Every structure is written in structure tokens, then in C-alpha cells.
Amino acid sequence: YPFYLSIYPINYYNNFGIGVVSIGAVLSRSNALSISKIFLIFPLLSHQKLLQYLARQTTSVKSIEKLISDQVSYFSNFNKRYMDSLVVTMNSIQYLNDTGYIDISDGIVKLLKPFEYDSKMGKRANSIFKASDNISKEGLNNCRYSSPLTWAEKKSKIQTFFSRSLCIFARFPLIERKTGAIALFP
């Protein structure tokens with residue numbers, strides 16, 4: 001009988017597709033952002049309550065500082081969300097670059113072709129596109145947040161994550177899709 005280890009649950013809710021939509025939606029509103037600001041998009045939009053707040057028609061973000069001070073509870077675990085989203089953000093940037101939606105030069109990510117909402121993307125994508133108006137207007141454009149990590153440190157953490165993941169999946173190749181638990185067979 002297999003036993004299940006659920007120490008590291010797999011998160012299917014905030015995934016690569018949502019990362020692509022989040023970055024694409026914000027870039028479709030602002031056309032260009034620095035790479036450091038791109039890394040802030042997914043941690044902001046992956047928090048369900050913050051996403052709902054930003055997607056409201058009555059919400060108007062004046063500055064990121066005001067947003068943080070008004071909605072402190074939405075940012076209590078931001079650093080963890082930021083660190084957890086590094087791999088998804090990198091993969092999303094790479095996908096958008098490989099498909100010709102963006103160009104990266106001199107630390108600036110520029111939108112090359114329109115990234116538009118389609119109803120086939122679903123309700124969550126619709127919320128992301130609505131929230132992207134608030135993020136791209138004033139939020140990220142006036143943001144002075146600097147990452148606690150340098151680009152080299154981010155790259156190192158991502159490489160370490162992938163090498164550990166490959167080791168885990170090589171040893172324990174069966175993943176139960178419903179629970180996200182890793183099945184271990186003696």
C-alpha cells in the first residue's frame with residue numbers, strides 16, 4: 001500500500017497559465033515595465049482577496065503605498081508569495097518572450113503585440129484583467145519596492161528549486177492529481 005506525504009502540496013490554483021495572464025494583462029495596460037516590477041505582478045494578483053479588491057469598479061489605486069496602508073492584511077505574507085512565485089514568473093516571462101508577446105532589453109519588458117481578454121479564459125482571467133487597470137495605472141508605475149534579492153540570487157534560487165524538484169520527482173514519480181500529495185512506494 002502506498003502512503004501519502006502531503007508536506008509539499010501542489011498548488012493548481014496559482015499556476016503558469018495564471019502567471020502568463022497576469023503579466024500579459026498588466027503589460028497590455030502599461031506597455032512597458034522594468035523586470036523588477038514584472039516580478040511583483042504575480043504575487044499581487046495571486047492573492048484572491050486582493051484580486052477581488054483590485055477588480056472592483058469602485059476601487060481606484062492612487063499609489064502602492066496607499067494600497068498597502070489601506071489593506072495591510074492583504075500584504076502580511078507578501079514576501080512568501082513573492083518567493084514562491086519566482087519560478088512561475090520566470091516561466092511566464094519566458095513563455096511570453098518565446099511566443100513573441102514581449103521583448104526584454106536593458107531590463108525593460110515591452111509588449112510587442114496585443115494581449116487581450118477572451119471569455120474562453122474564464123472568470124478569474126476576467127478579474128485579473130479588471131485588476132490590471134488598477135495595478136498598471138498608478139500602482140506599479142510609482143512603486144519604489146526593491147526586491148530583497150539581486151538578479152543573480154533570484155536565478156540561483158530558481159536553479160536550486162528546479163534541481164531539488166527534479167531529484168524529488170525522479171525518486172517519487174507518482175503524484176496524485178486530486179490531492180496534490182506525492183505517493184511513495186517502498
Side-chain angles (χ1 to χ4, degrees), residues 8-9 11-96 101-102 104 106-111 115-117 121-158 160-161:
Y8 187 71
N11 186 347
Y12 293 107
Y13 190 70
N14 292 319
N15 58 38
F16 165 72
I18 295 299
V20 169
V21 170
S22 298
I23 293 169
V26 173
L27 279 174
S28 71
R29 303 297 197 269
S30 57
N31 290 320
L33 285 171
S34 68
I35 192 83
S36 60
K37 290 179 182 178
I38 293 290
F39 274 91
L40 297 174
I41 294 170
F42 190 68
L44 287 170
L45 295 178
S46 65
H47 188 269
Q48 188 60 34
K49 289 184 180 181
L50 181 58
L51 175 61
Q52 290 170 350
Y53 175 76
L54 291 171
R56 287 187 208 143
Q57 290 180 346
T58 57
T59 301
S60 179
V61 176
K62 303 294 183 213
S63 71
I64 195 79
E65 292 85 2
K66 178 101 172 98
L67 176 64
I68 292 168
S69 67
D70 289 349
Q71 303 297 330
V72 174
S73 64
Y74 297 163
F75 293 90
S76 62
N77 67 344
F78 185 81
N79 195 47
K80 181 180 177 353
R81 290 197 321 257
Y82 179 84
M83 297 303 241
D84 290 347
S85 71
L86 288 174
V87 174
V88 172
T89 301
M90 282 295 295
N91 287 340
S92 301
I93 291 169
Q94 183 175 356
Y95 177 81
L96 289 167
Y101 279 95
I102 63 171
I104 305 167
D106 298 324
I108 302 295
V109 180
K110 295 177 185 167
L111 188 69
F115 193 91
E116 298 170 353
Y117 172 73
M121 291 179 176
K123 292 178 183 177
R124 185 158 181 224
N126 188 24
S127 295
I128 290 169
F129 270 84
K130 288 178 183 177
S132 68
D133 284 334
N134 273 315
I135 291 177
S136 62
K137 261 195 292 189
E138 294 294 329
L140 287 179
N141 289 331
N142 293 328
C143 179
R144 289 185 293 278
Y145 176 84
S146 65
S147 168
L149 300 177
T150 65
W151 178 250
E153 289 170 325
K154 286 177 192 174
K155 187 176 176 183
S156 172
K157 281 197 171 287
I158 292 167
T160 302
F161 173 82

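Quick caveat: nothing in here was measured; it's all calculated off a predicted structure. Just the heavy atoms: all of them, side chains too, but no hydrogens, waters or symmetry mates, feed the values below.
- In this structure, Thr89 and Tyr82 have side chains that are not in contact, with every pair of non-hydrogen atoms separated by 4.5 Å or more.
- Considering all non-hydrogen atoms of both residues, Gly19 and Ser92 come closest at C-OG, 3.3 Å.
- For the pair Lys130 and Asn126, the minimum side-chain heavy-atom distance is below 4.5 Å.
- The salt bridge (Lys or Arg N to Asp or Glu O under 4.0 Å) pairs that include a residue from residues 70-80 are Lys66-Asp70, Lys80-Asp84, where partners are two or more places apart or lie in different chains.
- With sequence neighbours left out, the side chain to side chain donor-acceptor pair (under 3.5 Å) criterion links Gln48 to Tyr13.
- Legend: ring pair (Phe, Tyr, Trp, His ring centres under 6.0 Å) pairs involving residues 41-68, not counting sequence neighbours, sorted by first then second residue: His47-Tyr74.
- Shortest non-hydrogen contact noted between Leu51 and Ala131 is CD1-CB, 3.7 Å.
- With sequence neighbours left out, Asn31 forms a side chain to side chain contact (heavy atoms under 4.5 Å, CB included) with Leu111.
- Using a 4.5 Å heavy-atom threshold, the side chains of Leu67 and Phe75 count as touching.
- In this structure the side chain of Val26 never reaches within 4.5 angstrom of the side chain of Leu44, judged on heavy atoms.
- Under the side chain to side chain contact (heavy atoms under 4.5 Å, CB included) criterion, Ala25 pairs with Ile128, Phe129, Ser132, not counting sequence neighbours.
- Under the side chain to side chain contact (heavy atoms under 4.5 Å, CB included) criterion, Tyr95 pairs with Phe16, Val20, Thr99, sequence neighbours left out.
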